[in-house]
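Heads up: the structure comes next, in structure tokens.
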Amino acid sequence: METIPLTILIVLFAVYLGIFLARTSPSVLPENLCSSDEDCEWKITNCCPENAGARWECVNKKTFVPPKCPELIICPQVISPKPARACVCENGECVVK
């Protein structure tokens with residue numbers, strides 16, 4: 001019977017630690033947040049060029065890591081120009097307007 005309070009204490013500590021780690025993970029720390037529209041930019045994220053199926057994403061250019069592209073890549077033969085919509089910073093995140 002003495003192990004039940006100890007088990008409850010361990011579970012509560014684990015839950016608290018999980019919440020703490022989730023709140024302080026790199027994905028939500030201020031350095032990953034945009035502070036102005038200049039931090040956001042359209043980037044190609046699938047290694048294909050604009051004239052052959054590029055996939056564009058609105059990203060934070062300070063934290064964007066380009067994909068590691070293989071030597072041989074098959075891209076759809078369709079023109080994919082950079083989107084005309086604005087890529088802006090809103091509430092600390094890069095979003096499409």
Side-chain angles (χ1 to χ4, degrees):
M1 286 293 192
E2 293 179 21
T3 59
I4 292 175
L6 182 59
T7 303
I8 292 171
L9 182 62
I10 290 171
V11 169
L12 290 175
F13 177 74
V15 169
Y16 172 78
L17 183 61
I19 292 170
F20 173 78
L21 291 175
R23 287 186 176 170
T24 59
S25 70
S27 63
V28 295
L29 287 176
E31 64 263 12
N32 286 338
L33 301 176
C34 61
S35 57
S36 70
D37 290 348
E38 288 74 35
D39 294 339
C40 301
E41 185 173 77
W42 285 107
K43 292 284 191 178
I44 294 174
T45 60
N46 68 343
C47 302
C48 293
E50 284 186 60
N51 63 352
R55 182 180 68 222
W56 294 91
E57 291 185 35
C58 176
V59 299
N60 185 331
K61 64 184 179 183
K62 294 187 302 186
T63 59
F64 175 73
V65 178
K68 292 183 181 178
C69 300
E71 287 185 32
L72 178 63
I73 185 168
I74 298 173
C75 296
Q77 297 305 301
V78 60
I79 296 175
S80 303
K82 184 187 289 189
R85 296 176 67 187
C87 174
V88 299
C89 181
E90 189 173 276
N91 298 324
E93 292 185 29
C94 294
V95 297
V96 178
K97 285 286 183 169

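Because the structure is a prediction, the values reported are computed rather than measured.
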query = Which residues pass the side chain to side chain contact (heavy atoms under 4.5 Å, CB included) test with Cys69, sequence neighbours left out?
reply = Cys47, Pro67
key: Those residues that, when tested against Val65, pass side chain to side chain contact (heavy atoms under 4.5 Å, CB included) (two or more places apart)   = none
Check: residues 81-92 side-chain donor-acceptor pairs under 3.5 Å, at least two apart:
residue, atom, partner, partner atom, Å
Glu90, OE1, Lys97, NZ, 2.6

key: For Glu50, all residues meeting side chain to side chain donor-acceptor pair (under 3.5 Å), sequence neighbours excluded   = none
task = May I ask you to list the residues sharing a hydrophobic cluster with Phe64, side-chain cutoff 4.5 Å, ordered by chain and number?
result = Val59
ask   = With clusters built from Ile, Leu, Val, Met, Phe, Trp and Tyr whose side-chain heavy atoms come within less than 4.5 Å, directly or transitively, what are the remaining members of the cluster of Ile44, listed by chain and number?
value = Trp42, Trp56, Val96
Non-hydrogen side-chain atoms of Cys48 and Ser80 separated by less than 4.5 Å = no
query = Would one find more than 12 heavy atoms of other residues, nucleotides or ligands at under 6.0 Å from atom CD1 of Ile73?
reply = yes
request  = Mind jotting down which residue pairs meet the salt bridge (Lys or Arg N to Asp or Glu O under 4.0 Å) criterion with at least one end in residues 51-60? Sequence neighbours excluded, please.
outcome  = Arg55-Glu57
Value rounded to 0.5 Å, distance of CD in Glu93 from SG in Cys40 = 9.5 Å
